[in-house]
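Worksheet for the structure shown next.
Every heavy atom of this structure was used, including side-chain atoms; hydrogens, water molecules and symmetry mates were not. Predicted model, so just to flag it, every value in this text is computed and none were measured. The chains referred to below are lettered A, B, ... by the order of the sequence lines, with proteins before strands, and numbering in each begins at 1.
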Protein chains: 2
Amino acid sequence: MPISHTTTFSISELASEFDVTTRSIRFYEDQQLLFPTRRGQTRVYSAQDRVRLKLILRGKRLGFSLAETRELFALWDETPTGSMKQLRLLMAKIEEKKTALEQQLNDIAMLQLELDSAETRCREAMNELTATT
Amino acid sequence: MPISHTTTFSISELASEFDVTTRSIRFYEDQQLLFPTRRGQTRVYSAQDRVRLKLILRGKRLGFSLAETRELFALWDETPTGSMKQLRLLMAKIEEKKTALEQQLNDIAMLQLELDSAETRCREAMNELTATT
DNA sequence: GCGGAAGTTTACGTAAACGTAAAGTAAGTA
DNA sequence: TACTTACTTTACGTTTACGTAAACTTCCGC
């Protein structure tokens, strides 16, 4: 059901665009990660919701739990309008995430080296087989 | 029980070194990711096992399931001594992992930008509060 | 030789992230 | 009007990755 298309989407549009099930999308709503409006019973998703869904899936690719992603949304949403104490806490969370990402970058770099090595060995083995020795 | 220490480790040594529970380590064995030898009943871990454990944990940080990590181990182990067909399959798997890692790098880069932005906003908010305006 | 620490197996429990079936509604269409 | 299609809620089932308790065995120090 392609919705009015000013800037809104149906659940199946999003599902097929991002290749997830409607079940998943509803589950993300259940977990307070998405907040579509309703036209009667039917869910109507805004462009913002679409972005959020994209971010959720990105989070998954990085191994984040839905809870963690929700935390990140909180970081992003909280237009920093809190007390000094809250702001310090927010900064701490941000730094924490940043160091975790640094760690991930390291991990990925190592894995890439190993895969490259495996690739080389594989290539050599293929050459052995091809060679007319 | 610090074992003979030529190059072997007890389960609790590994557990405390990597800050995981012994339960987890035993579970990884159950899932065919580790293969400690036995001294009587007791598990004895080699340096190789230790490396594997480290790799398992790295995998977890990258969001890999234990099954995926086991697959990676297979890639690594299979000293490429198979048929051409098998080698091509191996190469395909390696490429697949590599592109997945590229995707992850992209994802991380994006997230880093967003976190930097959040950090900036946070700093500005703190300055607002501090300023004697 | 006895208590405590560290190891073991067996087995049931649990949280996260959905899958899947059941049963119903609402809109468009032949 | 009947049929199809897309959407909905409710609710139980499933997989992964362990946690946790129970009930041993082994070894070490005193």
Side-chain angles (χ1 to χ4, degrees), chain A residues 1-5 8-46 49-50 52-74 100 107, chain B residues 1-5 8-46 49-50 52-74:
Chain A
M1 184 218 283
I3 281 185
S4 65
H5 250 299
T8 67
F9 309 87
S10 76
I11 193 170
S12 51
E13 281 179 323
L14 291 184
S16 73
E17 176 176 358
F18 294 112
D19 195 35
V20 290
T21 65
T22 58
R23 176 68 179 91
S24 296
I25 296 180
R26 291 195 192 96
F27 183 72
Y28 299 151
E29 177 180 357
D30 192 63
Q31 300 299 303
Q32 313 272 16
L33 288 163
L34 294 174
F35 305 94
T37 56
R38 300 288 178 128
R39 182 197 299 177
Q41 285 255 90
T42 310
R43 290 167 173 83
V44 176
Y45 296 88
S46 68
D49 290 321
R50 205 188 80 117
R52 287 222 163 190
L53 179 53
K54 195 184 296 191
L55 295 180
I56 292 169
L57 299 178
R58 190 184 67 188
K60 297 207 72 186
R61 286 196 300 274
L62 294 177
F64 292 10
S65 72
L66 295 182
E68 283 175 307
T69 298
R70 189 173 45 217
E71 275 231 343
L72 282 176
F73 284 174
D107 290 336
Chain B
M1 181 217 284
I3 281 185
S4 66
H5 251 302
T8 67
F9 309 88
S10 75
I11 194 169
S12 52
E13 281 178 323
L14 291 184
S16 75
E17 176 177 359
F18 295 111
D19 196 34
V20 290
T21 65
T22 59
R23 176 67 178 92
S24 297
I25 296 180
R26 291 196 194 95
F27 184 72
Y28 299 149
E29 177 181 356
D30 191 62
Q31 298 300 302
Q32 313 273 16
L33 288 163
L34 293 175
F35 306 94
T37 57
R38 300 289 178 125
R39 184 197 299 178
Q41 284 257 89
T42 309
R43 289 168 175 81
V44 177
Y45 296 88
S46 69
D49 291 321
R50 204 189 81 120
R52 288 223 164 189
L53 179 53
K54 195 184 294 189
L55 295 180
I56 293 169
L57 301 177
R58 189 184 69 186
K60 298 207 70 184
R61 287 196 301 273
L62 293 178
F64 291 9
S65 72
L66 296 184
E68 284 175 305
T69 297
R70 189 174 42 214
E71 274 231 345
L72 282 176
F73 284 174

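- Put simply, CD1 on B/Ile11 is 16 Å from C1' on D/dT26, counting in whole angstrom units.
- Here B/Ser46 pairs with B/Asp49 under the side chain to side chain donor-acceptor pair (under 3.5 Å) rule; sequence neighbours left out.
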What string of B, S and - do you get for nucleotides 17-25 of chain C 5' to 3' if you count protein non-hydrogen atoms under 4.0 Å? BBBB-----

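- The distance between atom CG of A/Asp30 and atom P of D/dT10, rounded to the nearest whole Å, is 10 Å.
- In this structure, A/Arg39 places its CZ atom 11 Å from P of D/dT8, rounding to the nearest Å.
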Could you tabulate the donor-acceptor pairs under 3.5 Å formed by side-chain atoms of residues 56-74 of chain A, not counting sequence neighbours?
| from | atom 1 | to | atom 2 | distance (Å) |
| --- | --- | --- | --- | --- |
| A/Arg58 | NH1 | B/Glu114 | OE2 | 3.2 |
| A/Arg58 | NH2 | B/Glu114 | OE1 | 2.9 |
| A/Arg61 | NE | B/Asp107 | OD2 | 2.7 |
| A/Arg61 | NH2 | B/Asp107 | OD1 | 2.9 |
| A/Arg61 | NH2 | B/Asp107 | OD2 | 3.4 |
| A/Ser65 | OG | A/Ala67 | N | 3.4 |
| A/Ser65 | OG | A/Glu68 | N | 3.1 |
| A/Glu68 | OE1 | A/Ser65 | N | 2.8 |
| A/Thr69 | OG1 | A/Ser65 | O | 3.3 |
| A/Arg70 | NH1 | A/Gln31 | O | 2.6 |

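- Here the side chains of A/Ile11 and A/Arg26 are in contact, with some heavy-atom distance below 4.5 Å.
- Qualifying side chain to side chain donor-acceptor pair (under 3.5 Å) partners for B/Thr21, counting only residues two or more places apart in sequence or in other chains: B/Ser24.
- Residue A/Arg26 contributes atom CZ, which lies 5 Å from atom P of D/dT8 at whole-angstrom precision.
- Atom CD of B/Glu29 and atom P of D/dA17 are 16 Å apart (whole Å).
- B/Arg50 meets the salt bridge (charged side-chain N to carboxylate O under 4.0 Å, His left out) test with B/Glu17; sequence neighbours excluded.
- Annotation: side chain of B/Leu33 is not in contact with side chain of B/Arg52 (no heavy-atom distance under 4.5 Å).
- Mapping A/Arg38 and B/Ile25 onto DNA chain D by nearest heavy atom places A/Arg38 at the nucleotide closer to the 5' end.
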